[in-house]
Amino acid sequence: MNELKIAVISDIHASDQDGEEARTHVRTSPPSGQPLRDPLRSLDHLLDDPLDLDEPIRADVLLCAGDMTNQARPAALEHAWNALVRFREKLGASALVATAGNHDLDSRFSYTDHDTRGVMLELEPSFPAYTGARIVDFNTSNHYWARDYAVVKIGACRIVTINSAAFHGVGDQTHMEWKHGRVTSRTVARLRRTLAAEPAPALNVLLCHHHPFRIGDVDLDDYSEMRGGEELIELLRSGNFGRWLVIHGHKHYARMTYGPGGSNAPLVLSAGSLGADLYGELSGRTSNQFYLVRCRLDAAEELGMSLAGTVDAWDWAPNIGWRPATSGLGLPNRSGFGHIPDIPGTVQQIAHISEAAPAYLSWNEVCQTYPKLAYLIPEDEAALAEALRRSGVEVLSPNGKILQIRGGSK
Amino acid sequence: MKPLRTTTYESFNARSKRPREVAETFVPPQSFRTLLTNTHTVVIGPRGSGKTTLLKMLQPEALDAWSDESRDEFPLSAGYCGSFVGTDIVWREQLDSLKANPRTAKYADVLSSGAFVTQVLRSLLRTLRYTASSEAIIFRTVLSRSAEAELVRSLADAWYATPSLPSLAGLELSLHQRAGRIGQIAEELRVGNEALASALLEAHPYLAIDVVQATDFMIEALGVLADSRPDRWAIVVDELELAPRRLRSRLFRDLRSRSSDERILFKFSLTPQTEGLASDITPDAPQLGQDYEIVHLTYPHKVEGYVFSRNLVESMLSRIRADDWPASRVFGRSEFDSGRREGVEFRAEYRAPNGAGYKRLTSLAAKDRSFSAFVQEHGLDLERLTELTDGRRAADVRKARYIAAVRDTFRQPDGSKTTLRTVKNPVVYAGETNFYALCEGNPRLLIGVVLSLMNAGQLERRDVRRNVQVRQYFEAADRFRNRLRTVPFAPDTRRPAKDGVLSLLDVIGAYFADRVLRDPFNIDPPLSFSVGREIPEHVHAALVDALNLGAIIYMREKGDPELIDKLYGRRFRLCYLLAMWHKLPLIATRPISLSSILSTSAVSPPLQPVLPLENE
């Protein structure tokens, strides 16, 4: 396997309620005459025919990072799960792997009697993983609900799905457990034993709903991160089980960053929401998005990197539909990950090759000379552009993406 | 052919689409040929009539991506390289607020001109960057990197720009930043920082750049530096009616001063009525046919739109359906076009006992005494219509059939308690050409209906059920009526109409419905209206809104002006979607004056001239 393609959907927030209180674009019954003005329904068409790719979008696995519905509404939960099952088929993916979000569990007992996960347990095919192998999926489901995590393997990739909302509905209101995620020390210890039972694969993916550590630059009053997240990250960064890609939802805020740790720090993709009506602080900072993560196992091996890949992102907007992400909100249409640059050294290298170039160098030309630079996360690329400027190398980088570098400079 | 790409159809409004997306679904109307000629051209149409799509198709990126079968019929490479300039609504609002303030009004023109020129130059560069890329085909520009740097240096000098890199992208980005600076100057003025703003104005000579000279310089420089390049360019300005009036007038005058044998052409789009255009049409103003051509995207006579509508619908059907059934079989026959049937078809239509026309006329005659009287007076024998040899009387039959169709559908038999009956999905409006007439050749509507039918699974059937077709049209009519409700109309200064401009249109529709359905049978009831000078200003303004939204259609006849500023003396009809809502036949007959309609309308007491309110 040279490449593992992971389609990522998060925070669909489907609702069967009318009116604006549901704060979502995804309805079980869309307004009459506007069947395509719903990001979930129109995703079918994007998968068949993305505007910026010559081929339909296909993936090896489809991940959903929770909050399929809004306020645990049973009909909408089923609607979203059915859509995910359909997308798995359309993508040609071996598996759909999901996790529960705080909105999926009936933690206020609105629909069930003290059975927060009752509706989810009745989903068909069984939640959280669907591979088409009924018994395997049934076992995965039992493991997930009994031990708060489950493992699914796709080729050279190991996917761990964690239920960070496992304790919602537990305890009295004073604990307000539903306000945040949680992974307990016992869960982490169990997971450690599971991981240690077999050799490290080429790639590990951890799927969870809540963010394992705080995201500091948005919604500063939010403390909903996963309690015990530090211990979980400690496990991932140990390097004992291979390199990790963490994909989470909940924040509706699209961002890619590296977690705490040294050379084994996990890459963390905070997936934007597919369907929520973004309001307040988020409305001008992120957009409704869908992602295709391409983990380039071949390039990683060739370049001596433990992780290398790109993320394609598409934006959805009411009355416009799905488009390659160029809004400047959320993740850009194409970004990389895996290479953590030594910025001063990289500046020197680029300045050196640009000296000989007439007029300017395109970023593609730079990446042909230094292939690892194609795998920078957006904030590292922006930091590199800034450092180049500070050292006197003119850079054209609209929206932080480097386009061209002045030639004959230095 | 490629399967239907609903993503590209999904956004009905071409404004948000990129050139290749527009090309993906583009079906050319006949007028596309005129638009491609090397003359200045003005495209006129209401919202949704496809103006933006047409203009966006003039870009080389769109033409390169266009793979329709009819492509070879158009002389694409012989023409010009189009550079599309969209309208910046936010910017326009900012300028409007400057204009509204006497203290800042003097700066508004120079800023709007500067902003517009900046937008044009950015667009030229974007287009040039595409033609210089490896993807370009038709207008491929070959520029070495050093020639590109040289070109950028020359342009930067002439356009007062300071790109950070000597590349087309660098220059484009510097113009993007310039647009932001112009916005800042406007904002400084708005908050009253006049001294700073006037200093800024002096410091920015680019605000005085002449758009034609600047473009001409680019073409000249390209000629020297590029090994291959387009020699003729068109500045394509969409929604010119939204541009500040002075700028609009100046651009319009440019059509005259820049003759079309030069290497710069203008292609504009306008709504049917654009304020101030009459004053632009002076003897020394550009002359239609001589200095510029006009392309209309509305069809006063519905048949004119059929070819385009059929091409568009069949292009979609061919991507959706496995068979190759033509639209006429999928949607069936249309009663409101039965009058075109002659000879054998006429005889089949009116033959007893099964001819559709025969059944319609006899059904009405059985329940409508006034129609029976009409038949007798005209010496028509409904049982022997196929034997009619008199052409005039056959024409009467065809004409009577249209009125009979709606009377038979909606009238109760004589002697019933009520005159009209409720019909949930009146299938009299179904059929292929009725579909086209109801959509008025408006691609947004046509596409919307086909997509809705597809999503409802109806296009998997051999033919679309007639009641299902009609349900779609009523849903479209409801959406359009809701849109019209949001357009303000105040028939009375104290009381804005609850339904906005729709309340005025409903008065007109109700009047026509009374004449067609409630009055004794009349073969020629009025179904269009003329606007006299006695119509008060606020009603005129509401009609202008209705015209620009496509709710009323200008019935332009030979000799009528193509561009109108005021509606006085002109004839209009309701669009057929509203006509259907009012149970009217989809035909336009003789006009009646609007003032007659308003004065006899029992439902419209507020529609009187607005009088000054006493003691207020």
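Chain A is the first sequence line, chain B the second, and so forth, proteins listed ahead of strands; every chain is numbered from 1. Scope of the values below: all heavy atoms of this structure, side chains included, with no hydrogens, waters or symmetry mates.
Environment of CD in A:Glu78: sparse, with no more than 12 heavy atoms of neighbouring residues, nucleotides or ligands closer than 6.0 Å. Annotation: A:Glu379, atom CD; neighbour count of heavy atoms from other residues, nucleotides and ligands within 6.0 Å is above 12.
Across B:Ser146, B:Ala476, B:Ala169, the residue that shares the most heavy-atom pairs under 4.5 angstrom with chain A is B:Ala169.
Taking the side chain as every heavy atom from C-beta outward, B:Pro166 and A:Arg406 approach each other to under 4.5 Å. At a threshold of 4.5 Å between non-hydrogen side-chain atoms, the residues B:Arg18 and A:Arg323 do not count as touching.
To the nearest 0.5 Å, atom CG of residue A:Leu361 and atom CZ of residue B:Arg145 are 6.5 Å apart.
Between A:Leu396 and B:Gly170, the shortest heavy-atom distance links the atoms CD2-N, 3.3 Å.
With a 4.5 Å cut-off on non-hydrogen atoms, B:Ser167 touches chain A through its backbone and its side chain both. The parts of B:Leu165 that come within reach of chain A are both its backbone and its side chain, each placing non-hydrogen atoms under 4.5 angstrom from that chain. Residue contact with chain A, scored on non-hydrogen atoms closer than 4.5 Å, is absent for B:Glu150.
Under the ring-ring contact (aromatic ring centres under 6.0 Å, His included) criterion, B:Trp66 pairs with B:Phe26, B:Phe32, B:Phe74, sequence neighbours left out. Take B:Tyr473 and apply the ring-ring contact (aromatic ring centres under 6.0 Å, His included) test, not counting sequence neighbours, and it matches B:Phe435.
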